[in-house]
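Structure record follows, encoded as structure tokens.
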There are 2 protein chains.
Amino acid sequence: MFSIGQLSKRTKVKVPTIRYYEETGLLDAPERTDGNQRRYDAAGLERLSFIKHARDLGFSIEAIAALIELQGHPDRSCQEATNIATAQLSDVRAKIKRLRALEKELVRISKGCDEDGVSEDCYVLASLSEHGLCEREH
Amino acid sequence: MFSIGQLSKRTKVKVPTIRYYEETGLLDAPERTDGNQRRYDAAGLERLSFIKHARDLGFSIEAIAALIELQGHPDRSCQEATNIATAQLSDVRAKIKRLRALEKELVRISKGCDEDGVSEDCYVLASLSEHGLCEREH
DNA sequence: TGTAGTGTCTCTAGTGACTAGAGGGTCAAG
DNA sequence: CTTGACCCTCTAGTCACTAGAGACACTACA
């Protein structure tokens, strides 16, 4: 049995975050000592590791709740779990796409003035003022 | 002079967001009609367009406040504005890098089971349970 | 058994950048 | 002068936590 602090160290999830997961129902409420402190078993550790891993991959709490729900239903697990993962993947890809557009624009903007010290019309500021200076939508 | 709704339409910034910008000091409080409604002039429109554009490029409110501050100081504008833009650029690049790692991992995970319908050990769920199945850190 | 020090408890409030809703007042056209 | 669209302030909610206060529990050592 682990205390919340030990669980925190093993999973690298902070103590208040663990309590937050419990509050939101992602994590089952564990047993308590006589003094009202939480004591976790191996199942709690496993569950929290799962959550941590999914969060690291950017899944929302909601998506994780759905995945956990599926763990209890092996009959319909695989396809639905894959769907959730695929949705997460397109989300990530959309974000990448958008960020790459921003990257290009920012490169263009910041190249404008940094070469010859002070110019009276700052290209960065001018670019932000006039959308017309942009090469594409963002 | 524009009402807040007209300003909203022109800039595509929602009305409550405009009020929020005013509240946080990003936007100057405009004149009011006798009936206490906001009336904006061209300067207000320009300022809000600037903010919108910078937000679209992912600058934080804090960074935008700094950029606005610089607009009043042309003597030290350029270098500092470029620094802010460059910081934003590295931020964007860091995010892209991380997302690309996630993308790879998600591709790997979701390829695991979607081919032959139902399998009793869902690879998606298994992958999330065991970090050891991952190819790299994320 | 006492005590010191670390860990844990609950509760409230704060983060960033908004968004939603209630309950009212104002403006402009017809 | 009424109708309907617009606007006002204020509070509370979003997501996924994070921070802090004030109190209580556990453990190791003397």
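Just so it is clear: chains get the letters A, B, ... in the order the sequence lines come, proteins before strands, and each one is counted from 1. Computed over heavy atoms, backbone and side chain alike; hydrogens, waters and symmetry mates excluded.
Within the 4.5 Å cutoff, no side-chain heavy atoms of B/Ile84 are placed close to those of B/Glu80. By the 4.5 Å heavy-atom criterion applied to side chains, B/Gln88 and A/Ser110 are not counted as neighbours. Between A/Leu128 and B/Leu57 there is a side-chain heavy-atom pair separated by less than 4.5 Å.
With a 6.0 Å radius and a threshold of 12 heavy atoms from other residues, nucleotides or ligands, B/Gln6 has its CD atom above the threshold.
Heavy-atom distances under 4.0 Å link DNA chain C to no residue of residues 9-18 of chain A. Within residues 20-33 of chain A, the residues that have a heavy atom under 4.0 Å from DNA chain D are, in order of number, A/Tyr20, A/Tyr21, A/Thr33.
Interface limits on DNA chain D: the 5'-most and 3'-most nucleotides within less than 4.0 Å of chain B heavy atoms are D/dC7 to D/dT9.
Linking Ile, Leu, Val, Met, Phe, Trp and Tyr whenever their side-chain heavy atoms come within less than 4.5 Å leaves A/Ile18 and A/Met1 in two separate clusters.
Nearest heavy-atom pair across A/Arg98 and B/Asp56 is NH2-O, 2.9 Å.
One atom, CD1 of B/Ile51, and another, P of C/dA17, lie 12 Å apart when rounded to the nearest Å. We find that CG of B/Asp34 is positioned 17 Å from P of C/dG25, with the value rounded to whole Å. Per the geometry, CZ belonging to A/Phe2 stands 13 Å off P belonging to C/dT8, to the nearest Å.
The 5' end of DNA chain C is approached more closely, in terms of each residue's nearest nucleotide, by B/Arg55 than by the other of B/Gly35 and B/Arg55. Across the interface with DNA chain D, nearest-nucleotide mapping of A/Gln37 and B/Arg39 shows B/Arg39 to be the residue nearer the 5′ end. Closest-nucleotide positions on DNA chain C for B/Asn36 and B/Ile61 were compared, and the one nearer the 5' end corresponds to B/Ile61.
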Could you go step by step and tell me if A/Glu105 and A/Arg108 meet the salt bridge (Lys or Arg N to Asp or Glu O under 4.0 Å) rule?
CA-CA 5 Å; A/Glu105 196 60 32; A/Arg108 204 182 57 70; 2.5 Å; yes

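At a threshold of 4.0 angstrom between heavy atoms, the contacts of B/Arg19 include nucleobase atoms, whether or not backbone atoms are also involved.
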